Structures are given as C-alpha cells and as structure tokens.
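Because the structure is a prediction, the values reported are computed rather than measured. Below, all heavy atoms of this structure are taken into account, side chains as well, without hydrogens, waters or symmetry copies.
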Amino acid sequence: MSLDPDIAALLEMVQAGTESGARIPFPQLTAAQARADFDASSPLLDVDPPALACERRLALPTRDGATIEARLYASEAQSDRNPVPVLLYMHGGGFVVGSLDSHQPLCRGLVEDSGAAVLSVGYRLAPEHKFPTAFEDAVDALAWIGREGRAIGLDARRVAVGGDSAGGTLAAALAIEARTNRDLPQPVLQVLAYPGLSSRQTSASYDRYGTGHLLERSTVDWFFRQYLRDDADRDDWRFAPLAVKDLSGLAPAFIVLAEFDPLVDEGRDYATRLSAAGVPVDLRVYPGMIHEFLRMGNVVADALQARAAIGQALAGAFRSAGERAA
C-alpha cells in the first residue's frame, strides 16, 4: 500500500520546513532544545480529550534515592476498597525527548477507551541519565504499584505495561524483567506501539524507510549516542529485547506497528519470536502509517482507531485477570 494521503501531506510539510530552515532536525539541537521542540509540536498533531475526573500528580521513589514525576489518570476517584486496573505507561522519544505533557492526550484517550487507570511515568532522560537509568526507573515504578498502589486505589493484580517507541522498548524489557523478578506485579498484558527492539539498526525496513518518513536514521543514531554508555550496551536486552534468547513465559502482547516505519521489521520479528515461544500475540500493522502515528489524531483517523483497539485489548485482559482472581 502507498502512504496515507494525509500522512504524505504531513511529510511534505515536514520536508518543506526542514528545507526552509523553519524546522531544525534534532541532531542539530541540544537535548534541551529538542525536548522543547518535541513538546511544542505534540499538541498540533493529537486530539486532546477533556480533562478526566481524576488527574493526579505523583512523585515516585527510585533505587538511587531520587524521585521521578508521574501522572495518574482515571475516569473517577479510586478507593482502596474497590481498586481499579492500571496501565503503567512509558512515553516515547528516543530516551532523550518526550514527557508527561507530550503524551497526556494519548493517556487520557487510553483511559476513555479501556475504562482503566493509566499511570504515566516521567522516567529520567539522556544524556543527563544514561542507560540503564530509564529501564530502572520503569522497574521502580512497577514495584511502587506493588507496594503503594492499593493505597491510592490501584489493583496490583491487574497491571499492564505499555509504551510507544522508546517507551515500547521499556515496556517490552519490563515484561522480561517481571518474568524473573516475581516480587514485581505480574503484567497481564504488554502493549508495544512501534517499539525499538533490535541491537543494531540493519533491517530492510531501516533501508527502505530510514529517510523521509519522519523517524530518520540520523535521528535514531543521535538518540542512541545520547543514551548508551558504549557500544556494548547495544547487546543488553534491557536496551534491545530481541537480544534475549528465551522469550517464553512473558505476558501476552498487543503490538501496534506502522507499515512505513524503520522499526516495523524488528516489531514483526519480535512478534514472531514471542509466538514461537508460546506467548499469545495480537499483531496489528497499520497500512499507510508512519512512526508516531498513534499520537496523530488530528491528522489520521487510524490514530484513534488504533488507540481504541489498545483500549479494547486492555479491557479484555483486565476482565480476564479479574475473573481469575475472583
């Protein structure tokens, strides 16, 4: 299939902005400038639902004594007497950009579509915080749900992990960590939206779509130079979940990919390996779409349709988990 016409028009605008100098590519910016640019452009692309009845700012402790920001979204106030299921969500942005604000519309929408709560985690970013800090922050957030979730009305027996792009990488790695660390709440679903999964970017889809399809190969290289300590980190499964030899015993996966995304091949490969390991997988590849399309509700209807599909998958997983616990 060809590019969706509205996506093609968006890419033309991006290219024109780059050629005119109005848009400066991330590799030519500092991390702080790139973050400001990313956050400023996000509201132009996505549909922001109205504020929910419950939106709460939290500070979560980390293993090194720091705290990270988090934001809890729910359709109504929670109670420890009737705790609700929760999606632990990690935003995208190459481990360098992205924020609680940039992904607020998506998180609000996921609450509407799933009926569950969403805990969005402001994990620490590179280059100030190198690998594996983002992963460890995600683990610590999941552990916090296990320790403190009930007190604020979250059900640690009905937890999913999810994220988009780099956040999808973190969610996949978190599902692997939870398999061996039984002290963590055990996810009932992992939601992976166009995640980065491979140690090295050598796939055919990187060759096909690594230029002119929003996520540029040069930008990915820049992200990883900020995030990784050295080249050896590339072979660590906490950065590249495809590096894990055994994927059996993981939480079921709901995987959303875009046809014209440099990352689509590694997403397909991960889905194939999960299935071969006996992990239930629901793979959705959206034709005509590009990386980041899930946050483009103002551009394409597929964004809202994909978000609704994720919501339905979450609702089903939480319902089944509740029935098992009853």
Side-chain angles (χ1 to χ4, degrees), residues 1 3-4 7 10-11 14 25-27 38 45 89-98 103 106 126 131 134-135 161-176 190-228 233-244 247 253-275 281-296 300 302-303 306 310:
M1 182 176 175
L3 276 168
D4 177 275
I7 291 293
L10 173 66
L11 293 176
V14 170
F26 282 177
F38 188 87
L45 299 174
Y89 196 85
M90 280 68 68
H91 65 75
F95 308 104
V96 179
V97 303
H103 283 64
L106 177 57
F131 173 85
F135 168 79
V161 295
D164 61 295
S165 195
T169 307
L170 293 173
L174 193 50
I176 296 169
Q190 50 177 318
V191 177
L192 314 179
Y194 33 82
L197 299 160
S198 180
S199 298
R200 286 168 180 78
Q201 290 61 56
T202 57
S203 68
S205 61
Y206 257 93
D207 292 338
R208 288 194 302 270
Y209 309 128
T211 302
H213 293 85
L214 193 65
L215 181 62
E216 302 282 329
R217 178 186 290 274
S218 58
T219 302
V220 175
D221 291 344
W222 180 76
F223 282 148
F224 294 167
R225 286 197 302 272
Q226 311 297 311
Y227 181 52
L228 299 176
D233 285 341
R234 286 181 171 272
D235 297 313
D236 191 312
W237 62 263
R238 296 172 297 175
F239 167 72
L242 272 167
V244 169
L247 291 173
F254 189 87
I255 302 177
V256 172
L257 304 178
E259 180 187 9
F260 289 85
D261 184 351
L263 303 181
V264 67
D265 282 357
E266 55 202 79
R268 289 182 186 273
D269 289 348
Y270 200 62
T272 298
R273 284 199 53 203
L274 286 171
S275 294
V281 176
D282 189 341
L283 173 64
R284 310 284 179 96
V285 182
Y286 284 79
M289 294 295 108
I290 58 173
H291 197 78
E292 288 283 5
F293 84 94
L294 192 58
R295 297 192 310 115
M296 296 181 182
V300 287
D302 279 18
I310 292 171

What's the separation between atom [atom1] in [X] and atom [atom2] in [Y], rounded to the nearest 0.5 Å?
{"X": "Glu292", "Y": "Phe38", "atom1": "CD", "atom2": "CZ", "result": "4.5 Å"}
{"X": "Phe131", "Y": "Leu228", "atom1": "CZ", "atom2": "CG", "result": "7.5 Å"}
{"X": "His291", "Y": "Arg295", "atom1": "NE2", "atom2": "CZ", "result": "9.0 Å"}
{"X": "Ser165", "Y": "Met90", "atom1": "OG", "atom2": "CE", "result": "13.0 Å"}
{"X": "Leu11", "Y": "Phe260", "atom1": "CG", "atom2": "CZ", "result": "10.0 Å"}

Problem - Any residue meeting ring-ring contact (aromatic ring centres under 6.0 Å, His included) with Phe254, in chain and number order, not counting sequence neighbours - result: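 Once residues adjacent in sequence are excluded, Phe254 has no partner under the ring-ring contact (aromatic ring centres under 6.0 Å, His included) criterion.
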Please examine the side chains of [Y] and [X], heavy atoms only from C-beta on, and report whether any two atoms are closer than 4.5 Å.
{"X": "Arg217", "Y": "Asp207", "answer": "yes"}
{"X": "Ile310", "Y": "Leu294", "answer": "yes"}
{"X": "Glu266", "Y": "Tyr206", "answer": "yes"}
{"X": "Pro241", "Y": "Thr169", "answer": "yes"}
{"X": "Leu242", "Y": "Leu197", "answer": "yes"}
{"X": "Met289", "Y": "Asp261", "answer": "no"}
{"X": "Tyr286", "Y": "Leu257", "answer": "no"}
{"X": "Leu174", "Y": "Gln190", "answer": "no"}

Exercise for the section: Please work out which of the three classes, parallel, tilted or perpendicular, describes the rings of Trp237 and Phe135, given edges at 30° and 60°. Expected result: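 The rings of Phe135 and Trp237 stand perpendicular, inter-plane angle above 60°.
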Exercise for the section: Please state whether the rings of Phe95 and Tyr227 are parallel, tilted or perpendicular, taking 30° and 60° as the class boundaries. Expected result: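 Plane angle under 30°, so parallel.
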Practice task
Only one of Val191, Asp282, Leu274 passes side-chain contact (heavy atoms from CB on, under 4.5 Å) with Ile255; say which it is.
Solution key: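 For Ile255, the side-chain contact (heavy atoms from CB on, under 4.5 Å) check succeeds only for Leu274.
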Practice task
For the pair Leu263 and Leu215, evaluate side-chain contact (heavy atoms from CB on, under 4.5 Å) and give the outcome as yes or no after the intermediate values.
Solution key: CA-CA 9 Å; Leu263 303 181; Leu215 181 62; 4.2 Å; yes
Exercise for the section: Go through the steps for Ile290 and Tyr209 under the test side-chain contact (heavy atoms from CB on, under 4.5 Å), then give the verdict. Expected result: CA-CA 9 Å; Ile290 58 173; Tyr209 309 128; over 6 Å; no
Handout entry: Intermediate values then yes/no, side-chain contact (heavy atoms from CB on, under 4.5 Å), Val161 and Tyr89
Key = CA-CA 6 Å; Val161 295; Tyr89 196 85; over 6 Å; no
Practice task
Kindly say whether Gly163 contributes a backbone atom to a donor-acceptor pair with the side chain of His91 at under 3.5 angstrom?
Solution key: no
Completion exercise
Across all chains, not counting sequence neighbours, the side-chain contact (heavy atoms from CB on, under 4.5 Å) partners of Glu259 are Met1, Pro287
Handout entry: For Arg208, side-chain contact (heavy atoms from CB on, under 4.5 Å) partners two or more places apart
Key =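 Partners of Arg208 by the side-chain contact (heavy atoms from CB on, under 4.5 Å) criterion, ordered by chain and then number, come out as Ala204, Ser205, Asp265.
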Problem - Lys/Arg-Asp/Glu bridge criterion (N-O < 4.0 Å) met for Arg284, Asp302 - result: no
Handout entry: Side-chain ion pair, Asp236 and Arg234, N-O less than 4.0 Å
Key = no
Kindly give the heavy-atom pair with the smallest separation between [X] and [Y], and that separation in Å.
{"X": "Ser203", "Y": "Pro262", "answer": "OG-O, 3.8 Å"}
{"X": "Pro27", "Y": "Ser218", "answer": "CG-O, 3.8 Å"}
{"X": "Ser198", "Y": "Gln201", "answer": "O-NE2, 3.3 Å"}
{"X": "Ala166", "Y": "Gly94", "answer": "CB-N, 3.6 Å"}
{"X": "Leu283", "Y": "Ala271", "answer": "CD2-CB, 4.0 Å"}
{"X": "Arg238", "Y": "Ala173", "answer": "O-CB, 3.8 Å"}

Practice task
Might you work through the side-chain contact (heavy atoms from CB on, under 4.5 Å) test for Leu214 and Phe293, ending with a clear yes or no?
Solution key: CA-CA 10 Å; Leu214 193 65; Phe293 84 94; over 6 Å; no
Handout entry: Arg268 atom CZ, neighbour heavy-atom count above 12 within 6.0 Å
Key =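 No, CZ of Arg268 has 12 or fewer neighbouring heavy atoms, counting only those of other groups under 6.0 Å.
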